[in-house]
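Structure, as structure tokens:
A quick note: this is a predicted structure, and the numbers were derived from the prediction, not measured. Whatever order the structure lists ligands and atoms in, that order sets their numbers, starting from 1.
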Amino acid sequence: MTYEFSDRIQRVEPSATLAISNLAAEKEAEGADIVDLSVGEPDFPTPENIVEAGKDALDAGHTGYTSSNGIPPLKEAIAEKLRGNGIDAAADEVIVTPGGKQALYETVQTVVDDGDEVVLLDPAWVSYEAMVKLAGGDLTRVDLAPHDFQLEPALDELGEAVSDDTELLVVNSPSNPTGAVFSDDALEGVRDLAVEHDIAVISDEIYERITYGEDPTSLASLDGMADRTITINGFSKAFSMTGWRLGYLHATEEFIGEAGKLHSHSVSCATNFVQHAGVEALENTDAAVTEMRDAFAERRDLLVDLLADHGVDVAVPDGAFYMMLPVDDDDQAWCEEAIEQAHVACVPGSAFNADGYARISYAASEERLREAIERLVDADLL
Ligand code: PMP
Ligand code: GLU
């Protein structure tokens with residue numbers, strides 16, 4: 001038959017980050033040696049204690065549905081973790097989701113109607129735009145690229161972009177794709193605008209454990225933000241658990257009641273035994289998290305130095321494991337050449353509304369990072 005696909009689904013493209021990593025995987029399957037710096041995925045195994053907790057949970061028979069919003073010990077562990085961030089959180093204000101992506105999706109669906117205005121800070125992670133379009137929202141974008149990807153110098157522009165008609169603002173610090181960590185002054189500026197115009201704010205804090213300077217501030221901990229912030233987090237990045245699919249959202253109980261409807265009608269619940277492993281991750285994995293963070297910090301320094309050796313200056317990231325490399329205006333063509341000629345996979349900046357850049361994920365070994373730069377230089381791409 002010829003399907004009449006929904007307008008909704010035709011508004012969006014497949015995830016560009018996943019598309020490039022699929023292409024890299026295809027080329028590898030054909031025998032090419034690709035240095036894959038595309039997808040944002042830690043290259044460490046999940047820490048052993050978490051794996052053991054998952055196995056123990058399977059052996060103990062935790063294989064059925066759980067209550068929709070999550071098992072009580074995990075919701076309590078998450079609330080306690082958030083209290084450590086200065087957020088006055090309770091277990092009933094949490095929904096445990098299969099990945100932070102689902103938490104974001106549920107949040108956007110819960111607040112955005114057709115024609116509602118949503119403000120993004122560019123460069124912005126690919127899926128925010130898609131999620132807003134799926135919900136029928138209209139995007140207003142504020143470009144942080146001219147400000148070395150920092151928010152503080154762009155607060156005036158943000159102030160001009162938002163109005164009483166703005167429904168939702170998305171803040172992601174540390175940022176994917178730039179690695180920028182927004183200052184407290186920047187976050188207070190966001191707070192002032194959100195309160196003035198009565199705007200809901202998503203604070204996507206999925207990279208909060210991967211920072212190289214001061215610990216980042218949680219937006220919901222600021223005065224005036226508790227009842228208008230939806231805090232998103234997940235286990236993929238901090239605990240190297242991408243394939244386990246575990247994340248969460250925290251918001252007011254009223255919000256949880258509404259978002260919980262979508263959660264119960266779509267995913268039912270996050271995977272039972274994975275939730276048990278999540279408790280272990282939150283409670284007993286600090287040393288492994290720090291070790292991975294330190295490894296990312298060394299790789300960041302190495303990459304910045306290698307690029308500097310070839311005369312390339314980058315905005316040095318303070319968090320996550322991404323870096324924006326300035327490339328040709330046609331970043332799509334540059335990335336195609338990088339994968340075809342140099343066998344190095346990066347994501348075109350245009351996927352994040354940052355034309356003229358390529359995103360490098362440095363969640364790869366130092367040896368592979370050196371190899372990538374050498375190959376890009378040999379192919380005259382640097
Ligand atoms: N937010 C950001 C900014 C991300 O980069 C990702 C990466 N996948 C996610 C949310 C969602 O991650 P996950 O679904 O694996 O928890
Ligand atoms: N967030 C990661 C990235 O940006 C994983 C892929 C995705 O979910 O987009 O590469």
Location of contacts on T17 toward ligand 2, heavy atoms closer than 4.0 Å
side chain
Would you mind telling me if ligand 1 is within reach of the side chain of Y128, the backbone, both or neither, using heavy atoms under 4.0 Å?
side chain
Mind checking whether F235 contacts ligand 1 via backbone (N, CA, C, O), side chain (CB onward), both or neither, at a 4.0 Å heavy-atom cut-off?
neither
Tell me the nearest of R245, E205, E41 to atom 14 (O) of ligand 1, using heavy-atom distances.
R245
Closest candidate by heavy atom, reference atom 2 (C) of ligand 2, pool K237, R359, E41
K237
Answer with yes or no whether G99 contacts ligand 1, where contact means a heavy atom under 4.0 Å from a ligand atom.
yes
Below 4.0 Å, non-hydrogen atoms only: which portion of N176 touches ligand 2? Side chain, backbone, both or neither.
side chain
Please verify whether a non-hydrogen atom of N172 lies at under 4.0 Å from ligand 1.
yes
Parallel, tilted or perpendicular: ring planes of H276 versus H62, cut at 30 and 60 degrees
parallel
Heavy atoms only: which of S175, S236, G243 is nearest to atom 15 (O) of ligand 1?
S236
Does atom CD of E80 have more than 12 heavy-atom neighbours from other groups under 6.0 Å away?
no
So for I232 against ligand 1, with non-hydrogen atoms under 4.0 Å, the contacting part is neither
Residue-level breakdown please: for K101 versus ligand 2, do any non-hydrogen atoms fall below 4.0 Å on the side chain, on the backbone, on both, or on neither?
side chain
Min side-chain heavy-atom separation T178-L144 under 4.5 Å
no
For atom 12 (O) of ligand 1, grab the closest protein heavy atom and report residue, atom and distance to one decimal in Å.
I206 CD1, 3.4 Å
S127 near ligand 2 by a heavy-atom separation under 4.0 Å:
no
Counting heavy atoms only, which part of V347 comes closer than 4.0 Å to ligand 2: side chain, backbone, both or neither?
neither
What I want to know is whether Y322 and ligand 1 share at least one N or O pair that is separated by under 3.5 angstrom.
no
So, is G100 polar-close to ligand 1, with some N/O to N/O distance under 3.5 Å?
yes
